[in-house]
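One structure is given below, encoded as structure tokens.
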Amino acid sequence: MLELKNITKIYHVGDVETRALDDVSLSFREKEFVAILGTSGSGKTTGLNIIGGLDRYDSGDLIINGKSTKKFKDKEWDAYRNNSIGFIFQSYNLISHLSIVANVEMGMTLSGVSASEKHRRAYEALEKVGLKDHIHKKPNQLSGGQMQRVAIARALANDPEILLCDEPTGALDTATSVQIMDLIKEIAGDKLVIMVTHNPELAEKYADRIVRFQDGKVISDSNPYEASEEKKEFSLNKTSMSFLTALRLSANNIKTKLGRTFLTSFASSIGIIGIALILSLSVGFQMQIDKFESDTLQQMPIIISQQSVNLDMETMMKMGEDQNKYKSYPTDKKVFLFDSMQETMMHTNAFTEEYLDYIDHMDKLLCKGVTYSRLVNMNMLRKDGEKYIPVTAANLNFSPYPLSFDEDQNELLKEHYEVLAGNMPEEPTDVILIVDAKNRINKTVMAELGFTETEEIDFDKIVGIEFKVIMNNDYYIKTEGEIYTLNTDFEKMYNSPDTLTLKVCGIIRPSEDSPVSQFTEGGGISYNDNLSQLIIENAKNSDIVKAQTASDNNVLSMEPLDEEAKKQTIAYLGGNELPFIIQLYPQDFESKDKIIEYLDNYNNGLDKSEQIIYTDMASAISSMSDGIMDGITIVLIAFAGTNLIVSLIMIAILTYTSVLERTKEIGILKALGARKKDITRVFNAETFILGIASGLLGILIAKGLTYPVNAIIYSLTELKDVAQLKITHSVILIAISTLLTMLGGFIPARMAAKRDAVDALRSE
Ligand code: ADP
Ligand code: MG
């Protein structure tokens with residue numbers, strides 16, 4: 001059934017050659033107890049290893065059940081070792097970090113026997129070798145004889161056809177040796193047992209047949225056997241170790257070096273900690289920014305001004321070019337002439353009726369409100385006792401509030417402001433005092449309205465105050481020619497029937513939950529755009545506007561005017577109703593995009609000079625902030641990422657060390673029929689555990705660190721809970737850690753798998 005034909009095995013150590021087996025031919029019966037006897041170094045072990053498939057021969061043929069092993073593939077050898085052979089070694093070769101039972105079960109584990117079946121057979125085998133009472137001990141808690149019994153139990157548990165014993169009593173005292181030999185003899189009853197020894201007495205006492213070896217040659221055989229030529233059916237179960245088994249094996253191994261494992265996990269978790277913290281901060285800040293954007297930036301209007309700063313790509317590039325053209329602090333004795341930056345950047349938006357119509361026809365639902373600011377100067381007077389005093393619009397911070405698109409409603413005011421006194425404006429001549437969240441108002445505003453107080457003023461003193469707008473024909477007096485001067489008879493102007501009386505109808509301030517809208521900055525008096533339209537309506541037909549329209553000189557100062565300046569002067573006098581600035585308040589972020597699209601559409605196909613450019617502060621700010629956040633995050637992650645590379649190398653080193661440490665185990669596993677794949681699995685399992693451990697540890701520590709980090713950020717910025725570790729990020733990071741760690745351990749694991757079983761077993 002088992003046959004060696006002219007087998008030769010040569011070892012080379014440097015130039016020195018050893019013939020461990022030299023043309024050996026031997027046949028074995030299905031059931032017999034063969035002792036291979038010889039002095040040390042005579043080639044016995046090599047012979048046994050070749051029979052057991054641990055070692056390969058250089059020439060000759062090993063025939064198992066009539067089938068030559070020449071064409072055996074790796075997996076067939078693995079299956080053969082696992083199913084057909086039981087090994088008992090001189091030095092027991094137990095896996096020290098596994099329990100006795102687990103050691104005995106290992107062969108079955110590799111062939112995928114079910115857990116309960118494994119247990120049953122392991123207990124049976126251990127009982128048979130007399131270790132029933134020691135079952136829960138670790139190998140290193142046993143005596144030599146007991147360990148050898150475990151090894152025998154391990155060999156028996158799989159019920160092999162052939163039992164190979166390499167000097168099984170070599171490390172035992174005489175009394176124990178006898179016990180072990182009795183045990184082997186008992187087993188030998190229904191198996192082929194091949195025992196290597198250099199003890200002739202043992203051989204003679206127990207073996208049925210003695211084969212003597214010397215220098216790798218067979219020199220005598222007490223009971224030779226000629227193999228029959230009949231071929232038996234040769235079939236083997238394939239072995240396979242599940243990843244779970246590999247995990248358990250490695251987990252047990254890791255338990256024996258917990259301290260080191262913890263330190264390694266900790267060290268390699270630092271990269272993960274760094275990245276996790278950076279991500280949590282970046283997520284947090286992004287959330288803060290988003291919140292800020294939707295709260296505040298949403299309230300920022302899209303501004304379309306007749307005079308606009310052009311910030312498009314082309315202009316920026318040109319600016320860059322201009323800047324690069326000239327060196328700073330040149331030594332040349334010259335001055336350089338250049339185009340003022342302003343000229344390249346300023347864009348004049350020529351508003352036309354057509355454009356205003358276009359704006360007017362925008363989808364009403366997109367805009368919450370719109371503010372038209374016009375250039376018209378409002379000439380105002382107030383009465384203080386018997387005196388009449390001019391009121392300067394600029395000092396009042398006199399600005400229009402937004403109106404809804406179609407109905408001239410002040411929805412935006414109602415939405416974002418609370419009424420402190422009086423009521424919201426209703427008439428075009430109602431003006432409203434806007435104070436800030438602290439009820440503050442600029443001194444000049446109140447002074448302009450005639451208040452002498454310097455600290456505080458009661459609401460009811462303010463509500464109801466009136467002042468008047470004087471129309472052009474009263475305000476400007478025509479002198480000789482077409483020259484106009486300002487009327488100084490305030491009383492007459494004030495009492496003219498053509499005035500408009502403005503009334504402060506109420507006091508409002510931004511409501512608590514509403515972000516401060518831009519048009520209230522500094523506080524002041526705000527008016528309805530319809531008021532300016534009323535004034536312009538009147539002014540258009542006034543004498544001074546007619547005169548100014550006809551003249552190329554300023555009719556007040558007689559200064560000559562160019563075309564642009566003339567237009568402005570007319571607008572200032574109220575002769576032009578085209579707004580100077582349009583502010584559009586989008587309903588929400590989405591509608592803002594639509595508004596912008598709508599505005600862009602207007603420019604399609606238009607000449608650059610005819611295009612109308614708008615300013616969208618909100619998106620400028622948010623795209624800038626997004627860009628900066630992304631940039632910072634990437635840079636920081638790259639930094640932290642280098643830590644991961646360091647971990648990777650560390651893990652590779654650790655796995656390599658582990659491979660060295662576990663060489664013996666690799667040999668044992670191979671002797672028990674473990675495949676290369678299984679060995680790789682054992683180490684992959686180890687790095688897997690390490691990777692998960694360091695990932696988890698990293699996430700845990702990072703999570704722990706977010707608390708102090710948040711406390712610090714809170715004390716610095718009053719922003720709450722900025723650092724937030726997302727679950728998805730945590731999972732991804734643990735996965736990355738595991739993957740990288742396994743990557744680091746991959747090459748050492750492959751090295752381990754490739755190790756020669758014999759070499760591995762020989763290593764100490
Ligand atoms: P023994 O009869 O004592 O069991 P072995 O079969 O172990 O002897 O070894 C026979 C000879 O082959 C010895 O000289 C040994 O040094 C050599 N040998 C065995 N295995 C190897 C090996 N892996 N590398 C180098 N030499 C080896
Ligand atoms: Mg030997």
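Order of appearance sets the numbers: ligands from 1, and atoms from 1 within every ligand. Note that the structure is a prediction, hence the values are computed from the model and not measured.
- Residue-and-atom listing of protein N/O/S atoms under 2.8 Å from the Mg ion (ligand 2), sorted by chain and number: T45 OG1.
- Counting only N and O atoms by type, the side chains of S42 and T39 include no donor and acceptor under 3.5 Å apart.
- Summary of contacts: the protein heavy atom closest to atom 12 (O) of ligand 1 is A20 CB, 3.4 Å.
- When heavy-atom distances to ligand 1 are checked against a 4.0 Å cut-off, D759 comes that close only through its side chain, counted from C-beta outward.
- A donor-acceptor pair under 3.5 Å is absent between the side-chain atoms of R209 and the main chain of V34, judged by distance alone.
- In summary, of the residues considered (N103, D166, I88, I668), a side chain to side chain contact (heavy atoms under 4.5 Å, CB included) with N93 occurs for I668 alone.
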Check residues 125-140 and write down every donor-acceptor pair under 3.5 Å in which the side-chain atom is one partner and the other belongs to a residue at least two apart or another chain.
residue	atom	partner	partner atom	Å
H134	ND1	K137	NZ	3.0
H134	NE2	Q146	NE2	3.3

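- Close contacts between ligand 1 and G43 involve ligand atoms 1 (P), 2 (O), 6 (O), 8 (O), 10 (C) [criterion: under 4.0 Å to a heavy atom].
- The T46 neighbourhood of ligand 1 comprises atoms 5 (P), 6 (O), 9 (O), 10 (C), 19 (C), with distances under 4.0 Å to a heavy atom of that residue.
- The six-membered or imidazole ring of F746 lies away from that of F683, with a centre-to-centre distance of 6.0 Å or more.
- In T18, the part holding a heavy atom less than 4.0 Å from any atom of ligand 1 is the side chain.
- The side chain to side chain contact (heavy atoms under 4.5 Å, CB included) with Y11 is formed by just one residue from the set L21, D55, V16; it is D55.
- Close approach of ligand 1 to S42 is summarised as follows: ligand atoms under 4.0 Å from at least one heavy atom of the residue are 1 (P), 2 (O), 8 (O).
- The closest side-chain donor-acceptor pair between T46 and N49, if any, does not fall under 3.5 angstrom.
- Close N/O approach between V13 and ligand 1 is not found [any backbone or side-chain N/O within under 3.5 Å].
- Not a single heavy atom of G38 sits closer than 4.0 Å to an atom of ligand 1.
- Ranking the protein heavy atoms by distance from atom 15 (C) of ligand 1 puts R762 NH2, 4.4 Å first.
- Qualifying side chain to side chain donor-acceptor pair (under 3.5 Å) partners for N199, counting only residues two or more places apart in sequence or in other chains: none.
- A distance-only check finds a donor-acceptor pair linking the side chain of S737 to the backbone of G691 [under 3.5 Å].
- Protein non-hydrogen atoms do reach within 4.0 Å of atom 18 (N) of ligand 1.
- F89 meets the ring-ring contact (aromatic ring centres under 6.0 Å, His included) test with F87; sequence neighbours excluded.
- An N or O contact shorter than 3.5 Å links K44 to ligand 1 by distance.
- Side-chain contact check for S280 and K726: no donor-acceptor pair (N or O, by modelled atom type) lies under 3.5 Å.
- Within ligand 1, counting atoms from 1 as listed, the ones closer than 4.0 Å to a heavy atom of S40 are 3 (O).
- For D61 and S68, the side-chain atoms include at least one donor-acceptor pair closer than 3.5 Å.
- Looking only at heavy atoms of the protein, atom 3 (O) of ligand 1 is closest to G41 N, 2.6 Å.
- Among protein heavy atoms, atom 27 (C) of ligand 1 sits closest to Y11 CD1, 3.2 Å.
- With hydrogens and angles left out, the side-chain atoms of T197 and Y206 include no donor and acceptor closer than 3.5 Å.
- Closest to atom 4 (O) of ligand 1 among all protein heavy atoms lies T45 OG1, 2.4 Å.
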